[in-house]
Trainee: 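If you scroll down you'll find the structure; I have some questions about it.
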Amino acid sequence: MPRPTRVMPSLLSADFANLQRDIERIPSADALHVDVMDNHFVPNLTLGLPVVEAIRAVTPTMLDLHLMIEDPDRWAPAYAEAGAESVTFHAEAAAAPVRLSRELRARGARAGLALRPATPVEPYADLLDEVDMLLLMTVEPGFGGQKFLDLCLPKIRRARALIGAHGGDIWLQVDGGVSLETVERCVEAGADALVAGSAVFGADDPDAMVARLRALGDAAQDDESGDDPAR
Ligand code: DX5
Ligand code: ZN
């Protein structure tokens, strides 16, 4: 069964003084990816709950929160309460990821588990029942506009195999350096949710770029399905 490719533009590359205007430039986005950074988990500081609440007030589009913060056990549930449909925290930062995922789901959000490039996915195989999405970073988190790390591709494949063996409807998201040049590699490896910041907002027509990335992703998955008689 083909999986739909979801394209989620990262507002990190939008104009922070004109967030509503830039959100309205990407009406066909499947979700808005919002990067929360605390200057501790990553060496950058972006935005927090008040700005997420302000974004929520101006758009019905799904909000996909990516929390690059320490102590998500304490801070993440409030983002679900603010109305974000998906809240992703980092495995490296969470003290009790199972409890936190359950708290997010209890507040009506999808729960996402994020891994830095050097964090292996296998130790989290037994947690798949507890999450709705795995986010595999394809750059070191902290900044937009970095180069895609091809060394992450084998991990994307292994994560797709674990999700396939689990059998649940778990999205596999990649974040960092996703562009026209790298999208096919990501989808062929098994990603079905693509975060793209600089590629979308650096384009003359951001919404057309969303459509192009989605079309390339869907086509790459068709190719992949054709190669594998088991699918
Ligand atoms: C980086 C963020 C990403 C970032 C991606 O730590 O998590 O979401 O915005 O930006 P690009 O697509 O430019 O690599
Ligand atoms: Zn992100």
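Positions are given from 1, in the same order as the sequence printed here. Order of listing sets the numbers, starting from 1, for every ligand and every atom in it.
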Trainee: Taking only heavy atoms of V195 into account, list the atoms of ligand 1 that are under 4.0 Å away from them.
Mentor: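 Listed by number with element: 8 (O).
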Trainee: Would you name the N/O/S atom of H66 that lies closest to the Zn ion (ligand 2)?
Mentor: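 Closest to the Zn ion (ligand 2) among those atoms: ND1.
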Trainee: Do the charged groups of R56 and E85 touch, with an N to O distance under 4.0 Å?
Mentor: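 Result for this pair is yes, salt bridge flagged.
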Trainee: State, with a plain yes or no, whether a side-chain heavy atom of V36 is found less than 4.5 Å away from one of M68.
Mentor: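 V36 does not reach M68 side chain to side chain.
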Trainee: Determine which of the N, O or S atoms in H33 is closest to the Zn ion (ligand 2) and give its atom name.
Mentor: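 It is NE2 of H33.
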Trainee: Determine, for W171 and R3, whether the Lys NZ or Arg CZ falls below 6.0 Å from the six-membered ring centre while staying within 45 degrees of the axis.
Mentor: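 Verdict for W171: no cation-pi partner in R3.
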Trainee: Students should be able to answer this: which protein heavy-atom is nearest to atom 10 (O) of ligand 1, and at what distance?
Mentor: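 Its nearest protein heavy-atom neighbour is G144 CA, 3.5 Å.
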Trainee: Quick one: look up the protein heavy atom nearest atom 6 (O) of ligand 1 and list residue, atom name and how far away it is.
Mentor: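 Atom 6 (O) of ligand 1 sits closest to the protein heavy atom G142 N, 2.7 Å.
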Trainee: Quiz question: by atom type and distance under 3.5 Å, do the side chains of T5 and D192 form a donor-acceptor pair?
Mentor: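 Their side chains do not contain a donor-acceptor pair, so the 3.5 Å distance test is not met.
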Trainee: Scan side-chain atoms only and decide if D71 and H40 contain a donor-acceptor pair under the 3.5 Å cut-off.
Mentor: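 The answer is no; no qualifying pair exists.
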Trainee: Are any of the side-chain nitrogens in D30 or R214 under 4.0 Å away from the carboxylate oxygens of its partner?
Mentor: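 Between R214 and D30 there is a salt bridge, with a charged N closer than 4.0 Å to a carboxylate O.
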Trainee: Any N or O of G197 that comes nearer than 3.5 Å to an N or O of ligand 1?
Mentor: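 Yes: some nitrogen or oxygen of G197 is under 3.5 Å from one in ligand 1.
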Trainee: Please determine if S10 has a nitrogen or oxygen closer than 3.5 Å to a nitrogen or oxygen of ligand 1.
Mentor: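 Yes - when backbone and side-chain N and O of S10 are compared with those of ligand 1, one distance drops under 3.5 Å.
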Trainee: What's the shortest distance from atom 13 (O) of ligand 1 to any protein heavy atom, and which residue and atom give it?
Mentor: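 Nearest protein contact, heavy atoms only, for atom 13 (O) of ligand 1 is S198 OG, 2.5 Å.
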Trainee: Could you check which N/O/S atom of D175 is closest to the Zn ion (ligand 2)?
Mentor: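 Checking each N, O and S atom of D175, the shortest distance to the Zn ion (ligand 2) belongs to OD2.
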Trainee: Against the six-membered ring of Y79, is R107 placed for a cation-pi contact (under 6.0 Å from the centre, within 45° of the normal)?
Mentor: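 No; the conditions do not both hold, so R107 does not lie above the ring face of Y79.
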Trainee: Compare all side-chain heavy atoms of L45 with those of M37 and state whether any distance is below 4.5 angstrom.
Mentor: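 They are not in side-chain contact.
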Trainee: Among all protein heavy atoms, pick out the one at the shortest distance from atom 1 (C) of ligand 1; state its residue, atom name and that distance to 0.1 Å.
Mentor: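 Here the closest protein heavy atom is F143 O, 3.5 Å.
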Trainee: Heavy-atom distance to atom 3 (C) of ligand 1: which of T88, L12, D175, V36 wins?
Mentor: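 The nearest heavy atom belongs to D175.
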Trainee: Report, in ascending order of atom number, the atoms of ligand 1 lying under 4.0 Å from any heavy atom of P141.
Mentor: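 Within the 4.0 Å cut-off of P141, ligand 1 contributes 6 (O).
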Trainee: Does any non-hydrogen side-chain atom of V210 lie less than 4.5 Å from one of P9?
Mentor: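 They are in contact (side-chain heavy atoms under 4.5 Å apart), so the answer is yes.
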Trainee: So which of the N, O or S atoms of D35 lies nearest the Zn ion (ligand 2)?
Mentor: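 In D35, the heteroatom (N, O or S) nearest the Zn ion (ligand 2) is OD1.
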